[in-house]
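Single-structure report; data block below.
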Amino acid sequence: QSTGQHVSKLGRNTFRSRVERNSARDVWLVEFYSPNCGHCRQFAPEVEALGERLQSFAKLGAVNVEHNSDLARQYGVSSYPTFVLFAPVLCVDTTASVLCVDTTASVLCVDTT
């Protein structure tokens, strides 16, 4: 749940305009979080540090699922925090201990709960 200098807070409209419409050009790593999630709060400093490390080749965004549950459903997010990578060719969903690759949908999922 980090929305500091290197993490862009994304709502429904900003997500669509900045991430979905530009995923053919820009790489985005988007965190889906709940403000009430202890793990989200615990990892916030690491997420901000990751945003700083990624800034040369990817953008990092954060979606509050309590205000944007439709986006969470659209991307199959059901646990928090969940990270989804939007890239020109690849979309990666990292939620925590299971790794699955769906080449037809260009989705890679990692579940570490």
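Everything numeric here is computed off the predicted structure, so don't read it as measured data.
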- Message: Using every non-hydrogen atom in the two residues, find where Q55 and E52 come nearest and quote the distance to one decimal.
- Response: CG-O, 3.1 Å
- Task: Please report the closest heavy-atom contact between W28 and R18, naming both atoms and the distance.
- Result: NE1-O, 3.1 Å
- Note on the structure: V65 and A72 have their tightest heavy-atom pair at CG1-CB, 3.8 Å
- Using the benzene-type ring in the case of Trp, are the ring centres of F15 and Y75 under 6.0 Å apart? yes
- Item | Side-chain touch L29/L50, heavy atoms, less than 4.5 angstrom | yes
- With distance as the sole test, does N68 use its side chain to make a donor-acceptor pair with the main-chain N or O of R12 at under 3.5 Å? yes
- Message: Looking at every heavy atom in both K9 and T14, which two are closest together, and how far apart are they?
- Response: O-OG1, 4.1 Å
- Do any N or O atoms from the side chain of S34 and from the backbone of N36 form a donor-acceptor pair under 3.5 angstrom? yes
- Shortest non-hydrogen contact from P35 to R41? O-NH1, 2.8 Å
- Message: Within the structure provided, determine whether R16 and L71 are in side-chain contact (heavy-atom separation under 4.5 Å).
- Response: yes
- With rounding to the nearest 0.5 Å, note down the distance linking OH in Y33 to CG in N64. 4.0 Å
- Query: Out of curiosity, H6 NE2 to K59 NZ, how far, rounded to the nearest 0.5 Å?
  - Reply: 14.5 Å
- Item | Partner of C37 by side-chain contact (heavy atoms from CB on, under 4.5 Å), out of F43, F32, Y80 | Y80
